[in-house]
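What follows is a single structure, written as structure tokens, with notes after it.
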2 protein chains.
Amino acid sequence: MLVTIKDIAKAAGVSHTTVSRALRGHPAISTETTRHIQQLAEQMGYVPSAVAQSLNSRQTFTIGMVVTTIADPFVPLVAEGIEKVAQEAGYSVFLMTSYNDPEREMTVVETLQRRRVDAIIVTASRVGSLYGEQLERIQVPIVLINNQENGEFLHSIAVDDVQGAKLATEHLLALGHRRIGYVGLLTRPKSNAHRLLGYQAALQKADIPQDPNLIFLPPPDDDFRCGELALSLHLKHQATAILCYNDITAIGLLNTCQQNQIAVPQALSIIGFDDIEAAQYVSPPLTTFRQPRLQMGELAMQMILDLLNKKSVEDQLLPGELIIRGSTVQIYPEQ
Amino acid sequence: MLVTIKDIAKAAGVSHTTVSRALRGHPAISTETTRHIQQLAEQMGYVPSAVAQSLNSRQTFTIGMVVTTIADPFVPLVAEGIEKVAQEAGYSVFLMTSYNDPEREMTVVETLQRRRVDAIIVTASRVGSLYGEQLERIQVPIVLINNQENGEFLHSIAVDDVQGAKLATEHLLALGHRRIGYVGLLTRPKSNAHRLLGYQAALQKADIPQDPNLIFLPPPDDDFRCGELALSLHLKHQATAILCYNDITAIGLLNTCQQNQIAVPQALSIIGFDDIEAAQYVSPPLTTFRQPRLQMGELAMQMILDLLNKKSVEDQLLPGELIIRGSTVQIYPEQ
DNA sequence: TTGTACGCGTTATCAA
DNA sequence: TTGATAACGCGTACAA
């Protein structure tokens, strides 16, 4: 059996109360007995039970980190940021996977509540209205990453999608492109709308008339396939550059280009979004809008800590950074 | 305040014992009161406290998943497998990051113990002797992924490194290569030794004399840089094919080749290990030895469940699969 | 069929 | 300076 404070009390010939105090350096206990008891605890291999402490204090010092899947290339670095800050603050992180499956989502919410987590961070999920409501019912602070939503307990850390798409589009414009395509993703309606907005804003500012043919919203499929389908923007509608919803889509497009002997970036410039690891490894390396994923995780957890300490917090819209690599280039004059 | 069984008891005019029983469908409680109480619990939004249950039963239904960093491309899919099986079995997963830092490792072990996790899975860590000892002290089942080690509580799921390297080398031999290099990684002494063994076994079987110059163990650095350095095997020692410790190393080598105008695979065949996501996206796509990462996670968690149910388990050495893509090719006759 | 009493390991209150 | 007692929320032996 595991050693408890009672065991130590027996061994020391004092009450378990004294042990509890001594171990936490309570000033009322004499230096001598404190030292003695701490030494004894060490010897006996005592480790306090967080379970008992939690029951007593109604705080578990745990948080729930909900992701659609940890295998999504966007997620791991965010998770690392969360876990790091949590660990330093004495919190532990439950990893919960929802798979964007309503049934699983309900299970997750229920589990979070049973576990009595002190707070929740939701990453890269579409938080539907029902799901969000269920989450709020738990009555603990919730931070949404890249998913603004309103509610008493809901807060958010998000990257500025509009700015990102605008920056990317302006980069293409500066390179002389005029027929710029956009490939969206219907599975992410909110971010998609924002990025589309940024794209359109940049075009408008440059007085480029918008061509609906250059906006492509592939039927829901995996992100990579969506990129493959987007080639039609180039083949059928003469796009000389394409802004993709995310890097996976961009890489999907890139691969299709290679299979079809379309030179990137000479014949077609491609730009992604996110800056996942793979973006730097493909060839040509992908120009993309970087989301500060590690920082987003850190900030989210920091926000949780502030909320738990009753500090006031404000939703954050973070800037990202355009990373220019080899997949975009000055348009060729003859085109 | 949260609803407890006592609240329900008061509302129903029965004892909390009856409530406890009714909620779990205890046969001794009349169908009528059971129904009534369950309905009441539902209405009042009752969710049992896992904390209290854990204290009572000395089981938390949690496991600790220890990784060096979740951002390692090898880890996420393993984690997904673990979490999935855990979730289905009613277990929750603590994500704990050790960063291969001895100090953090101690913190992690201490936290695991305080949290009273029922079991532990350690992924992609070098489990040093001290660390392993500390882990065993917790006295709960431990499954090591890709890291065999001996001990009363230690079990393992691992991929057959020897077979993997052998398969990869044989593939190169079958393509006509005779000067085949190996790039190892000193930060992973055990796997490295095994893969080197497989490589050597294949050469020996083919009666190729071994050239120590073709075995390169770069000074500890990040995996990608190690790959960059490995180019010397080709430039200085005329390797026509190189087997890399892992995909990151292989991709590092691939990139350096591109920068140095060395055509892959025409001038140099490259083969990786792991089959991380990026492997399929680089160009040429990487030939590599696939580790069944999702399955490894699932099996690890399944093994934990078996151990917790006192079933006997056996360490598993899993086969992997050679994935032939574009980075390896028949050697050119003129070479 | 239901209720009483106790214990899980810890902390807090009050008294000595 | 220390100890007895209760409480956190739940499950279980035993009694009714």
Side-chain angles (χ1 to χ4, degrees), chain A residues 1-38 40-41 44-62 90 110-111 113-118 138-139, chain B residues 1-38 40-41 44-62 90 110-111 113-118 138-139:
Chain A
M1 273 308 280
L2 265 170
V3 181
T4 74
I5 49 172
K6 287 187 186 168
D7 298 324
I8 301 176
K10 204 166 292 177
V14 296
S15 77
H16 75 274
T17 312
T18 303
V19 175
S20 171
R21 285 175 179 143
L23 290 178
R24 282 170 308 130
H26 190 117
I29 305 293
S30 79
T31 329
E32 199 177 351
T33 48
T34 296
R35 216 176 35 71
H36 177 56
I37 288 174
Q38 285 181 342
L40 213 52
M44 301 173 68
Y46 170 76
V47 177
S49 162
V51 176
Q53 290 174 329
S54 297
L55 181 59
N56 204 10
S57 64
R58 268 136 301 180
Q59 273 194 61
T60 56
F61 286 93
T62 59
E110 210 263 342
T111 304
Q113 205 165 358
R114 272 192 318 116
R115 297 275 175 209
R116 299 294 192 260
V117 296
D118 292 339
I138 306 186
Q139 307 249 45
Chain B
M1 274 308 281
L2 265 169
V3 181
T4 75
I5 48 172
K6 285 188 187 168
D7 299 323
I8 301 176
K10 203 167 293 177
V14 297
S15 78
H16 78 273
T17 311
T18 304
V19 175
S20 170
R21 286 176 178 142
L23 291 178
R24 280 168 311 123
H26 191 116
I29 305 294
S30 78
T31 329
E32 197 176 350
T33 49
T34 296
R35 216 176 34 72
H36 176 56
I37 288 174
Q38 284 182 343
L40 212 52
M44 299 173 69
Y46 170 76
V47 178
S49 162
V51 176
Q53 289 175 328
S54 297
L55 182 60
N56 205 3
S57 64
R58 269 138 299 180
Q59 271 194 64
T60 56
F61 286 94
T62 60
E110 210 264 344
T111 304
Q113 205 165 0
R114 272 193 316 116
R115 297 274 176 210
R116 299 293 192 263
V117 296
D118 293 340
I138 306 185
Q139 309 248 46

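Protein chains get the first letters and strands the later ones, always in sequence-line order, with residue 1 at the start of each.
Of all nucleotides listed (D:dG9, D:dT2, C:dT10), D:dG9 comes nearest to the side chain of A:Arg58.
Not a single donor-acceptor pair, N or O on each side, falls under 3.5 Å between the base of C:dT11 and the side chain of A:Thr17. For a distance-only test at 3.5 Å, the side chain of A:Arg21 qualifies as a donor-acceptor partner of the base of D:dG3. Side-chain atoms of B:Asn56 and base atoms of C:dG7 include a donor and an acceptor less than 3.5 Å apart. Side-chain atoms of A:His16 and base atoms of C:dT11 include a donor and an acceptor less than 3.5 Å apart.
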In sequence, state the C-alpha distance, the side-chain angles, and the governing distance for A:Thr34 and A:Thr31, and then conclude on side chain to side chain donor-acceptor pair (under 3.5 Å). CA-CA 5 Å; A:Thr34 296; A:Thr31 329; over 6 Å; no
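No contact: A:Ser54 has no heavy atom under 4.0 Å from any strand. At the heavy-atom level, B:Val51 lies nowhere under 4.0 Å from the strands shown. Residue A:Ser57 is out of contact with every strand shown, counting any heavy-atom pair closer than 4.0 Å.
Using a 4.5 Å cut-off on side-chain heavy atoms (C-beta onward), A:Leu2 and B:Arg116 make contact.
One can place CD of A:Gln59 at 15 Å from C1' of C:dA12, the figure rounded to the nearest angstrom. Look at CD1 on A:Ile37: it is 12 Å from C1' on D:dT1, rounded to the nearest Å. Separating the CZ atom of A:Arg114 from the P atom of D:dG11 is a distance of 11 Å, rounded to the nearest angstrom. With rounding to whole Å, B:Phe61 atom CZ is found 19 Å from C:dC8 atom P. The nearest whole Å value for the distance from the NE2 atom in B:His26 to the P atom in C:dT1 is 10 Å. Between the NZ atom of A:Lys10 and the P atom of C:dG9 there is a distance of 11 Å, given to the nearest Å. With rounding to whole Å, B:Leu55 atom CG is found 12 Å from D:dA7 atom C1'. In this entry the distance linking CD1 of A:Ile5 with C1' of C:dG7 reads 14 Å, nearest Å.
Taking CE from B:Met44 and OG1 from B:Thr4, the interatomic distance works out to 8.0 Å, rounded to the nearest 0.5 Å.
Phosphate proximity of D:dG3 to A:Thr18: present, with a side-chain N or O under 4.0 Å from OP1 or OP2. Note on A:Thr4: every side-chain N or O is 4.0 Å or more away from OP1 and OP2 of C:dG9. Between B:Gln53 and D:dG11 there is a side-chain N or O to OP1 or OP2 distance below 4.0 Å. OP1 or OP2 of D:dG11 lies within a sub-4.0 Å distance of a side-chain N or O belonging to B:Ser20. Contact annotation: B:Arg24 reaches the phosphate of D:dG11 (side-chain N/O to OP1 or OP2, under 4.0 Å). Phosphate proximity of D:dT1 to A:Ser30: absent, as no side-chain N or O sits under 4.0 Å from OP1 or OP2.
Checked against side chain to side chain donor-acceptor pair (under 3.5 Å), B:Ser54 has no partners two or more places apart in sequence or in another chain.
With B:Arg24 contributing its side chain and B:Ala22 its backbone, the two residues share no donor-acceptor pair below 3.5 Å.
Residues B:Ser20 and B:Thr17 bring no donor and acceptor atom of their side chains to less than 3.5 Å of each other.
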